[in-house]
Structure formats: C-alpha cells, structure tokens
Number of protein chains: 2
Amino acid sequence: METTRPSPETIVAALAALAQEHRLAVFRALVQAGPEGMAAGAIAERLGVPASSLSFHLAQLRHAGLITQRREGRSLIYAADYAAMNGLVGYLMENCCGGAGCVDTLSDTLERIAS
Amino acid sequence: METTRPSPETIVAALAALAQEHRLAVFRALVQAGPEGMAAGAIAERLGVPASSLSFHLAQLRHAGLITQRREGRSLIYAADYAAMNGLVGYLMENCCGGAGCVDTLSDTLERIAS
DNA sequence: TCCATATTTCGAGAATTATGGAATTGATGC
DNA sequence: GCATCAATTCCATAATTCTCGAAATATGGA
C-alpha cells in the first residue's frame, strides 16, 4: 500500500507540467470531471484552445505522469491521475513546507475540503 | 488571520519558479535552513552553481514571492516564505487533488511530518 | 470501400528561459 | 579614499517551450 517516493526529477517534471496557464486549467478541469475523465475535444472546447495546441499540452501532462489516456470509440479520454498528484503534494508538504508551522495550516485546509 | 487566496496566475508563477532543478534545490535548502535563512554565497557554494546563475534563480524565486531577501552586512540573506508555500500547497490540495481520496493520503503525510 | 469525425503529429516561427564571464554596485574596515 | 568582499546586473549565446495551420492517423458507420 506504500507508494514509492517521487524523485526530485519527477517532481520538477510535474511542477513544470502544471506551470502553464492552459495546462493548469486542463488539469483542474480533469480533477473536476472525476475518474470518468473528458474527451480531448470537450476539453478544447471548454478552454477555447486550438486542438493541436491542446494536444501538445496533454502530451506534456501525460509525459509528467499527471494524467492518463484511454480510447473510447473515436475519442481519446483523459483523466487526472490522483495518485501522482498526491505524490507531488506530499513531496511539497514534506520538503518545502517548513515543518511544524505548516501542519496546522494544512490541517485546516484538509478539514475544509473534507466538509 | 485569514490570508487571501492565490489567483491562478500567482499559482502558475510559483509552480514555474519551483519547476527547475536548481531552484527547487535552493528552495529546499532554505526550508531546511529555517527562518534564519542563508546568504547567497553559502547557497552558491552548497549547490555548486556560479554566483551569477544563482542570482538569476534567486530573483525568479523572489519574484514569485516564494522567498524573502534581507541584507546583513555585506551579505544578502534569503529565507523561504512559508506562508506563500502554504498558499501553493493549499491551492493544489483544494483544486487539484480530487476530493475525498486525497484527504486520507495527505492526512497520513501530515501525521508523519508532525511526529 | 468511402466518408466523416476525433485527435495527433509535423514543421516552422516566435517567445521565453537558462548560462556564465565580465563589469558594476553596495558595504566594511583601515 | 582605497582595497576588499559579497552579490547583482549586463550581455551575448544557447537551449527550450509555445503556438497553430496543414497533413497524417485511427475509428466507426453506410
């Protein structure tokens, strides 16, 4: 049940993947969409990004391991990889959050999400 | 006591700042160093990065609001801005973590940090 | 097989980011 | 004022990333 810890290279790749307006928007949309995911076309329409540009960004997110792809008929369906995201957030909490002080703040945030 | 929520632009800027090998290393070192911070020279030596390159990266981190700068004699001391980092991690937890599933995982992580 | 749909890959140009040596700024002590 | 130390800014170059139209690929139905 224990997942292996992400390396700094993995982390940098994930951060870089999310560090772009369109890609952050794509990822947020996919998280909202849930495990069902969304077809590439639906994402493109929702964000108003040309298909070929979107395809480029989806490839980046996929390469970073943040999203998965499956085919359904003619459509390619993308979905957020929650485990990868948990790995990223976990890394930031452990390595970049400054210990005790952050625990309280982030606990509050988790409570708010849960309720 | 409530801090204002970061906008997506702020988030993208912070992610971009951390999405680089040297800068992630710098930030990690500053988190380890604590509120005291570290002088630019000490960071450069520790990471083995030329002064002018490091200066460039420090400016990026500072511009993204992730670190602070203060002068102490001839040295410029940099320190991690924990509040900014909490803002980033909080945003990711709230917008990019897929709800219930992540709460458990991240709660475990917080417990591990606290102990 | 032929056509329409969904999406990707190709390719070329624009824009941004990273690198590091040399010159510059700011602070300290004599 | 001058020498020294700490760090930044400047500059040119290299490398990477972003954009999007056009062409190519994959799927499903008539």
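Chain letters run A, B, ... following the sequence lines, proteins first and then strands; every chain starts at 1.
Between D:dT8 and B:Tyr78, a contact under 4.0 Å exists linking OP1 or OP2 to a side-chain N or O. A close approach under 4.0 Å does not occur between any side-chain nitrogen or oxygen of A:Ser75 and OP1 or OP2 of C:dT5. Taking 4.0 angstrom as the limit, A:Gln60 places a side-chain polar atom (N or O) nearer than this to OP1 or OP2 of D:dC18. The side chain of B:His57 places an N or O atom within less than 4.0 Å of a non-bridging phosphate oxygen (OP1 or OP2) of C:dT19.
Legend: residues meeting side-chain contact (heavy atoms from CB on, under 4.5 Å) with B:Val12, ordered by chain and number and at least two apart, are A:Leu24. Legend: residues meeting side-chain contact (heavy atoms from CB on, under 4.5 Å) with B:Ser115, ordered by chain and number and at least two apart, are absent. Residues that satisfy the side chain to side chain donor-acceptor pair (under 3.5 Å) test with B:Asn95, not counting sequence neighbours, are A:Arg28. For the side chain to side chain donor-acceptor pair (under 3.5 Å) test, no residue two or more places apart in sequence or in another chain qualifies with B:Tyr82. By the side-chain contact (heavy atoms from CB on, under 4.5 Å) test, B:Arg70 pairs with B:Glu72, B:Ile77, sequence neighbours left out. Remark: A:Cys102 engages A:Cys97, A:Leu106, B:Asn86 in a side-chain contact (heavy atoms from CB on, under 4.5 Å) (not counting sequence neighbours).
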- [ ] Let me have a per-nucleotide readout for nucleotides 21-27 of chain C, 5' to 3', with B, S or -, counting only protein heavy atoms under 4.0 Å.
- [x] BB----S
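Each of A:Phe56 and B:Gly41 was assigned the nucleotide of DNA chain D with the nearest heavy atom; the assignment lying further toward the 5' end belongs to B:Gly41.
Listed by first then second residue, pairs satisfying salt bridge (Lys or Arg N to Asp or Glu O under 4.0 Å) with a partner in residues 83-94 of chain A read A:Arg5-A:Glu94, A:Glu94-B:Arg112, not counting sequence neighbours. Applying the ring-ring contact (aromatic ring centres under 6.0 Å, His included) test to pairs two or more places apart or on separate chains, those with a residue in residues 12-44 of chain A are A:His22-A:His57.
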Report all side-chain donor-acceptor pairs from residues 32-55 of chain A shorter than 3.5 Å, counting only partners two or more places apart or in another chain.
from: A:Gln32; atom 1: OE1; to: A:Arg46; atom 2: NH2; distance (Å): 3.4

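Proximity of A:Leu66 to A:Met85: side-chain heavy atoms (C-beta onward) are separated by under 4.5 Å at one or more points.
Using a 4.0 Å cutoff on non-hydrogen atoms, the parts of residues 12-23 of chain B near DNA chain C are B:Gln20, B:His22, B:Arg23, ordered by number.
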Taking only N/O atoms, report every protein-nucleotides 13-15 of chain D pair under 3.5 Å with atom names and distance.
none

